[in-house]
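What follows is a short report on a single structure.
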Amino acid sequence: MNEQFLLRMKDMLKDEFDDYLKAMDDPMHKGLRINTLKWDVDSFKNSQICEYTPTSLSEFVFEIPEESKLGKTIEHHQGLFYLQEVSACSAVEVLDPKPGDFVLDLCAAPGGKSTQIAMKLEHQGLLISNEIDSQRAQILLSNCERCGISNAIITNSAPEVLCPVLEGCMDKVLVDAPCSGEGMFRKHSKAMEDWSEAHVKACALRQKRIVDEAVKVLKPGGIMVYSTCTYAIEENEEVIDYLLQNHPEMELLESTERFGRAGFDSGKCEGSKVRRIFLMDKGEGHFVARLRKKEGTAKELKKLRTASLHKAAVSFLKDQLDYELKSVMINDKVYLAEEFYDLKKVRVLRQGILAGEIIKERFEPHQHFYSSALLEGHYLKITSCSHDEMIKYMQGEQLNKSSPKGFTGIEYQGHLIGFGKSDGTIIKNRLPKGLRQR
Ligand code: SAM
């Protein structure tokens, strides 16, 4: 490991430095969070997909053995859980989103915390999940889709573009900031290779720019949670100090959760109010602080006007669904949601559920329509499959199975895995190629 880094850690941890070094050789902490939009604790336990140990953080978050390989299981594909280490789940527990809240997740990819926020919103209110990097934004999009989220807007913009548009509109904002990743050295060796004191300072500067923007979006009384997965004081307590110095409308609150340990005093940042997790605290590295906007002006997001749909989309929805949502068509794509919002010049990748697309006057459904947790129980055309059929389907094969003609959701053990188009005796496979398992 980088000598300069070790010197800094020794200076920070003092007598505990040797414990930190020892902990670096321990097995990595791995975690699983149940997606309560689709699954429950009893079903997880009965599934026996892995060994697990409950955690004190949340009844839905479990420690799982380091060697668990769950990313290719059918339950993962169905969006029943998200692989998320326990300390990475702590920030959203502190943010504490409630059904009906308007929440911005400003630095969101790959989506661990966004999908956790969405499950706490229980389909009510709005999640704006933003990622600046366009490739990472696609991963965020696919994770939100897999987890069946319906009340989210996925955006791909810089905070400087997005936050002014959301000014005064949000109840909560999560800033899970890009950082030097010192707490992730065991997981991502690249973070270790990239480390330098200059990089820590550059990250701190960027974090200050991001929180300057994030403050804007809050309504008076709104809550911000700032988190990182690094140990550097410059990127943690000093960013909170900067925020308090430069935004007198913000106050630091006591963390609602008592995981890990207190942080360090730094200027206006009281160490006793923030939380840190070191490897010795039975988690990978993390920092969490909770703040409140005392004053400001509340505004409302402008709603998007909806217009009538193409007749092929209307007839598809009538044929497939016994549930009504608002709909919009943008560039031949049809979206469903309880409400749509106008985010002006922000780059919006998805709003609500992408039901499908009009191609040559016909309606072609999208996987998101069949992975939505909100629509579960409301599909009118479902074909159940056996274990062998599920394997074939996931490999991209057609199913030789009688089923009413037309589009049908494909279900395995109570949850949809995709869709197909039946001619009465054969169901042609419509699982997107990127989701097939060879
Ligand atoms: N919250 C995510 C989760 O739980 O899966 C992890 C977020 S990661 C720690 C930080 C993210 O911030 C990265 O995806 C990175 O691309 C993004 N980022 C990088 N520079 C940024 C900037 N200037 N403004 C906002 N986000 C940025």
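Whatever order the structure lists them in is the order used to number ligands and atoms, beginning at 1. Residues take their numbers from the sequence shown, with the count starting at 1.
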(request) Starting from atom 16 (O) of ligand 1, find the nearest protein heavy-atom neighbour and note its residue, name and distance. (result) E131 OE2, 2.6 Å
(message) One residue to check: D176. Relative to ligand 1, which of side chain, backbone, both or neither has a non-hydrogen atom less than 4.0 Å away?
(response) both
(message) Name the residue from F369, Y370, Y393 that meets the ring-ring contact (aromatic ring centres under 6.0 Å, His included) definition with F419.
(response) Y370
(request) Give the residue and atom name of whichever protein heavy atom lies nearest to atom 26 (N) of ligand 1, and the separation in Å to one decimal. (result) C107 SG, 3.6 Å
(message) One thing to verify: whether D342 and K303 come together as a salt bridge, which I'm taking to mean a side-chain N less than 4.0 angstrom from a carboxylate O.
(response) no
(request) Would you please determine whether C179 falls within less than 4.0 Å of ligand 1 on a heavy-atom basis? (result) no
(request) Pull out every atom of ligand 1 sitting under 4.0 Å from any heavy atom of P178, numbered as shown with elements. (result) 10 (C), 12 (O), 18 (N), 19 (C), 20 (N), 21 (C), 27 (C)
(request) Provide the number and element of each atom of ligand 1 under 4.0 Å from a heavy atom of A177. (result) 9 (C)
(request) Using a strict cut-off of 4.0 Å, indicate which atoms of ligand 1 neighbour a heavy atom of G111. (result) 3 (C), 5 (O)
(request) Could you tell me whether D105 and K113 have a side-chain N and a carboxylate O separated by less than 4.0 Å? (result) no
(request) Give the atoms of ligand 1, by number and element, whose distance to some non-hydrogen atom of I210 is under 4.0 Å. (result) 22 (C), 23 (N), 24 (N), 25 (C)
(request) State the atoms of ligand 1, each with its element, that fall below the 4.0 Å cut-off from a heavy-atom position in I132. (result) 18 (N), 19 (C), 20 (N), 21 (C), 22 (C), 23 (N), 24 (N), 26 (N), 27 (C)
(request) Quick one: look at K113 and ligand 1, take heavy-atom pairs under 4.0 Å, and tell me if it's side chain, backbone, both or neither. (result) both
(request) State whether a side-chain donor-acceptor pair under 3.5 Å links H199 with S180. (result) no
